[in-house]
Amino acid sequence: MTAQIIDGAALAKAFRAEAARGAAALGRRPGLAVILVGDDPASAVYVRNKVKACEEAGFHSLLERYDAQMTQSALLARIAALNADTTIHGILVQMPLPKHLDPHAVIEAIAPAKDVDGFSTTSAGELMTGLPGLRPATPLGCMKLIESTGVALRGKHAVVIGRSNTVGKPMALLLLQANATVTVCHSATPDLALHTRQADIVVAAVGRIDTLTAAMVKPGAIVIDVGINRKADGKLCGDVEFDSVRDVAGFITPVPGGVGPMTIAMLLMNTLQAAQAALK
Ligand code: GUN
């Protein structure tokens with residue numbers, strides 16, 4: 001079997017167009033504030049892409065860049081000002097932060113209604129209990145990619161590899177809410193293949209090249225690759241050994257062009273959702 005490649009770039013484009021239509025219908029521009037502290041080059045690229053996507057969708061965006069020495073109290077004061085700013089509906093503080101800043105305190109300072117990353121304990125609690133709320137963009141994008149295959153999740157076995165607060169844990173909860181049977185594997189799982197070989201859906205989110213190989217995949221499975229790694233030759237690749245797994249899987253996301261573009265599209269959808277709720 002040769003897997004159908006799930007085109008994340010095309011699906012993201014459709015969601016970005018939907019976000020733009022939603023913004024136009026709202027009568028006021030949804031506003032996203034992005035804060036970047038320090039000069040991590042990868043973060044600078046991510047942040048620029050987020051702001052550019054906002055502009056293309058007709059959103060208002062605000063990029064605030066601060067040097068790596070910014071104090072925690074100065075950052076919390078900026079967040080408080082943005083919480084009170086009625087032109088801003090979403091606030092995103094790009095991670096990772098410099099070591100002297102406490103990411104938990106920073107995330108908790110964002111008003112829950114503006115937590116478009118879905119990283120706060122309020123948003124996490126809403127996801128855990130099935131209440132409506134803002135869901136983390138990357139796992140939400142993975143759900144949309146899975147839905148785009150047309151395969152119903154109810155009763156399927158999904159294996160998530162990775163247990164981060166930003167991807168693995170919320171991914172497992174979203175799959176559970178969609179009535180899948182969910183297994184979460186991680187660095188202390190003794191026999192990863194034992195689990196993945198039984199999975200109808202595998203989501204790989206560990207950040208390690210070749211974590212999932214063809215022998216570990218059930219024929220016809222849906223394989224979602226969240227990893228972004230750089231090979232020795234400088235090329236980007238995911239956590240999945242794409243060239244071999246595509247011969248076994250039913251559906252597979254490429255890297256680049258799979259999950260990555262969906263993260264930004266879902267950030268726009270979250271910002272629209274926050275603006276719609278604020279303007280109701
Ligand atoms: N750093 C890498 N991905 C993300 C993300 O989705 N949100 C934030 N705030 N920081 C990140």
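Note that ligands are numbered from 1 as they come in the structure, with each ligand's atoms numbered from 1 the same way. Numbering starts at 1 and runs along the sequence shown. No experiment lies behind these values; they were computed from the predicted model shown.
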In the protein, what heavy atom is nearest to atom 11 (C) of ligand 1, and what distance, to one decimal place, separates them?
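Atom 11 (C) of ligand 1 sits closest to the protein heavy atom Gln94 NE2, 3.3 Å.
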Scan for side chain to side chain donor-acceptor pair (under 3.5 Å) pairs involving residues 46-60, sequence neighbours excluded, and state none if there are none.
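For residues 46-60: Arg16-Glu56, Lys50-Gln94.
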I'd like to know whether CG of Asp39 has more than 12 heavy-atom contacts from other residues, nucleotides or ligands below 6.0 angstrom.
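At most 12 heavy atoms, drawn from other residues, nucleotides or ligands, come within 6.0 Å of this atom.
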Option with minimal heavy-atom separation from atom 8 (C) of ligand 1, where the choices are Thr138, Ile228, Thr263, Asp117
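The nearest heavy atom belongs to Asp117.
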Separation of Met262 CE from Thr253 OG1 (nearest 0.5 Å)
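Between atom OG1 of Thr253 and atom CE of Met262 there are 11.0 Å.
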Could you list the atoms of ligand 1 found under 4.0 angstrom from a heavy atom of [X]?
X	answer
Val93	8 (C), 9 (N)
Met95	1 (N), 2 (C), 8 (C), 9 (N), 10 (N), 11 (C)
Leu92	9 (N)

Just heavy atoms, cut-off under 4.0 Å: does Phe119 contact ligand 1 by side chain, backbone, both, or neither?
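Contact part for Phe119 vs ligand 1: side chain (C-beta onward).
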Taking non-hydrogen atoms only, is Leu267 closer than 4.0 angstrom to ligand 1 via side chain, backbone, both or neither?
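Within the 4.0 Å criterion, Leu267 makes no contact with ligand 1.
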Mind checking what makes side chain to side chain donor-acceptor pair (under 3.5 Å) contact with Thr121, not counting sequence neighbours?
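Glu108.
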Does a side-chain heavy-atom distance below 4.5 Å link Val34 with Ser61?
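Val34 vs Ser61: side chains apart.
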Would you call Leu175 and Met143 a side-chain contact if the rule is heavy atoms closer than 4.5 Å?
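Result yes, sub-4.5 Å side-chain heavy-atom pair found.
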